[in-house]
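Heads up: the structure comes next, in structure tokens.
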Protein chains: 2
Amino acid sequence: MGIRLLIVDDHHVVRRGLVFFLKTQKDIEIVGEAKNGREAVNLVKQLQPDVVLMDLVMPEMDGIQATREIKQCLPKTEIMMLTSFSDQDHVIPAIEAGAAGYQLKDIEPDELVSSIRKLVKGENTLHPKVTNHLLKRINKSEPSPHEVHQLTHREKDVLLELTKGKSNKEIASALFITEKTVKTHISNVFTKLEVSDRTQAALYAVKHGLASH
Amino acid sequence: MGIRLLIVDDHHVVRRGLVFFLKTQKDIEIVGEAKNGREAVNLVKQLQPDVVLMDLVMPEMDGIQATREIKQCLPKTEIMMLTSFSDQDHVIPAIEAGAAGYQLKDIEPDELVSSIRKLVKGENTLHPKVTNHLLKRINKSEPSPHEVHQLTHREKDVLLELTKGKSNKEIASALFITEKTVKTHISNVFTKLEVSDRTQAALYAVKHGLASH
DNA sequence: TTTCTTATCAGTCAAGAGTCTGAGTAAGAA
DNA sequence: TTCTTACTCAGACTCTTGACTGATAAGAAA
């Protein structure tokens with residue numbers, strides 16, 4: 001019996017490439033392809049593959065959210081992240097969402113295959129860079145870069161305007177409130193995000209995908 | 001005689017995928033692979049391929065710079081950009097650098113092949129989204145988003161520190177100059193980038209890939 | 001040589017940013 | 001009802017920013 005695999009990537013050429021290569025492996029059976037997270041979730045429910053090869057950044061729904069939903073419905077499905085991002089801000093949420101593997105796209109194809117095989121045996125395979133981040137994370141036991149989610153609705157509104165490069169006065173008139181109120185919200189945002197000025201807040205926001213980078 | 005093709009992409013799986021697929025095409029001969037711009041330039045000089053399939057974002061040297069250098073040495077080499085970025089800030093410089101084709105990675109593989117064939121016949125093939133940008137660009141004839149390149153070396157240094165969220169004082173001690181000098185540089189950066197404060201400058205920098213986003 | 005560019009620094013000044021304290025209102029939870 | 005949270009606003013105060021003017025020195029280009 002082969003490994004039933006679902007491929008998820010928004011780029012057609014990448015999917016086609018993976019299919020072409022993985023088809024040469026006798027013990028792997030590609031049961032389907034999806035071009036975004038939403039499609040992936042639906043197809044997983046329908047096809048119940050053993051392993052999902054999941055891209056991270058995709059339109060409609062990203063790989064993190066898709067992983068979360070898949071692990072909720074069908075927790076025995078193994079998710080292997082395959083992406084080009086190796087920074088903490090992508091790695092940690094992916095692992096937290098339930099990905100059992102995390103490989104970078106510069107991986108040797110042969111290694112990719114062997115890590116897929118390890119995955120079904122219950123072994124987790126992470127790229128060295130990724131492992132590094134995890135260790136750092138555990139050692140420091142950071143409060144997690146999720147402060148954005150602790151922002152209130154209004155604070156997010158203000159932050160969004162801020163990331164457009166607007167001044168307090170401009171934000172005030174955009175949201176129909178006074179400059180004083182804007183200042184209050186912004187101060188709160190700063191403490192929640194643990195930054196000390198608007199530039200840092202704006203950079204934080206675009207880095208963590210809050211703004212329309 | 002087949003089309004001699006060089007594949008340039010920093011992701012191994014992408015390269016492998018393209019090779020696997022393109023090998024099925026009888027009139028295409030893959031003469032080599034490169035994993036960054038610098039390798040690409042060297043290999044082009046050595047192998048003299050007809051067409052280069054070029055990724056945009058790569059370590060060491062990006063696709064734009066590589067295209068520029070290749071077109072300078074061997075102008076008859078046709079460059080096809082194959083990337084996932086369809087925004088103006090990537091498209092325009094690529095075209096200006098001398099790329100004759102620009103396709104997105106979500107292209108149908110068959111279409112990719114046919115656009116490669118068109119390329120050697122001298123026909124330019126651009127993705128519809130890309131064409132759109134070009135038309136807009138011509139109509140508006142914008143001053144071009146290239147102000148970054150007009151920055152002096154020192155101004156770039158300062159801007160880089162700025163995009164780390166540092167204050168003028170912090171930038172000053174990081175670069176071993178006074179705060180006054182930092183202010184001077186920053187003011188110059190603002191006028192060149194046509195922004196009015198540091199937040200906008202920082203956002204501009206990360207958007208245009210100057211910082212280590 | 002002269003001119004231009006770049007990098008350095010200073011002084012002044014107005015405006016903006018950010019903090020702190022305090023306070024009123026509305027909605028929802030306990 | 002009471003308590004809490006979110007949103008709103010104000011005054012006072014400090015510090016940072018950014019513009020403007022002007023100056024010096026080194027090096028490249030004309």
Side-chain angles (χ1 to χ4, degrees), chain A residues 143-208 210-213, chain B residues 65 72 143-208 210-211:
Chain A
S144 103
H146 281 53
E147 296 90 351
V148 207
H149 304 310
Q150 294 174 359
L151 296 184
T152 68
H153 186 73
R154 208 54 173 161
E155 284 161 358
K156 281 181 193 168
D157 288 345
V158 173
L159 181 54
L160 187 68
E161 296 300 317
L162 197 158
T163 58
K164 293 176 188 167
K166 293 185 180 178
S167 69
N168 289 343
K169 194 177 287 183
E170 288 170 326
I171 296 173
S173 58
L175 300 179
F176 304 106
I177 53 180
T178 64
E179 207 182 326
K180 298 282 181 184
T181 308
V182 174
K183 281 189 172 186
T184 306
H185 287 314
I186 284 189
S187 275
N188 293 334
V189 170
F190 289 170
T191 49
K192 287 188 185 177
L193 260 44
E194 293 178 35
V195 299
S196 52
D197 61 51
R198 58 178 48 231
T199 305
Q200 288 175 16
L203 292 168
Y204 184 101
V206 296
K207 238 187 180 176
H208 294 73
L210 191 136
S212 58
H213 78 292
Chain B
Q65 184 58 29
Q72 206 159 18
S144 107
H146 280 53
E147 296 88 351
V148 208
H149 303 310
Q150 295 175 357
L151 296 183
T152 67
H153 185 72
R154 208 51 172 163
E155 284 161 359
K156 281 181 194 168
D157 288 345
V158 173
L159 181 54
L160 187 68
E161 297 300 317
L162 197 157
T163 59
K164 293 176 187 166
K166 293 185 181 177
S167 69
N168 289 342
K169 194 177 287 184
E170 288 169 326
I171 297 173
S173 57
L175 299 179
F176 305 106
I177 53 180
T178 64
E179 207 182 327
K180 298 282 180 184
T181 309
V182 174
K183 281 188 173 187
T184 306
H185 288 312
I186 284 189
S187 275
N188 293 334
V189 170
F190 290 170
T191 49
K192 286 188 184 177
L193 261 44
E194 292 178 34
V195 299
S196 51
D197 61 52
R198 58 177 47 231
T199 306
Q200 289 174 14
L203 292 169
Y204 184 101
V206 298
K207 239 187 181 176
H208 295 73
L210 191 134

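Protein chains get the first letters and strands the later ones, always in sequence-line order, with residue 1 at the start of each. Bear in mind the structure is a predicted one, so any value in this text is a computation, not a measurement.
Distance, Asn168(B) CG to dA10(C) C1': 15 Å, rounded to whole Å. Taking atom CG of Asp197(B) as the reference point, atom P of dG18(C) lies 10 Å away to the nearest angstrom. The NZ-C1' distance, from Lys183(B) to dC9(C), rounds to 12 Å in whole Å. Atom CG in Asn188(B) sits roughly 12 Å away from atom C1' in dT8(C) (whole-Å rounding). As a whole-Å value, the separation of Arg198(B) CZ from dG18(C) P is 10 Å. The CD atom of Glu179(A) sits 11 Å away from the C1' atom of dG18(C) (whole-angstrom rounding). Following rounding to the nearest Å, His153(B) (NE2) and dA7(C) (P) show an atom-to-atom distance of 8 Å.
In the set dC9(C), dA7(C), dT19(C), the nucleotide with an atom closest to the side chain of Phe190(A) is dT19(C). Between dT8(C), dG16(C), dG18(C), one nucleotide has an atom nearer to the side chain of Lys169(A) than all others, and that is dG16(C).
Here Leu193(B) contributes atom CG and Ile186(B) contributes atom CD1; the two are 11.5 Å apart, rounded to the nearest 0.5 Å.
His185(B) comes within contact range of at least one nucleobase, with a heavy-atom separation under 4.0 Å. If you check every strand for non-hydrogen atoms under 4.0 Å, Thr184(A) touches a base. Contact annotation for Thr178(B): backbone-only contact, meaning every heavy-atom pair under 4.0 Å involves sugar-phosphate atoms and none involves a base.
The phosphate of dC9(C) has OP1 or OP2 within less than 4.0 Å of a side-chain N or O from Thr181(B).
Close approach of DNA chain D to chain A, defined as any atom under 4.0 Å from a non-hydrogen atom of the protein, starts and stops at dA6(D) to dA12(D).
No side-chain donor from either of Thr181(A) and Thr184(A) sits under 3.5 Å from a side-chain acceptor of the other.
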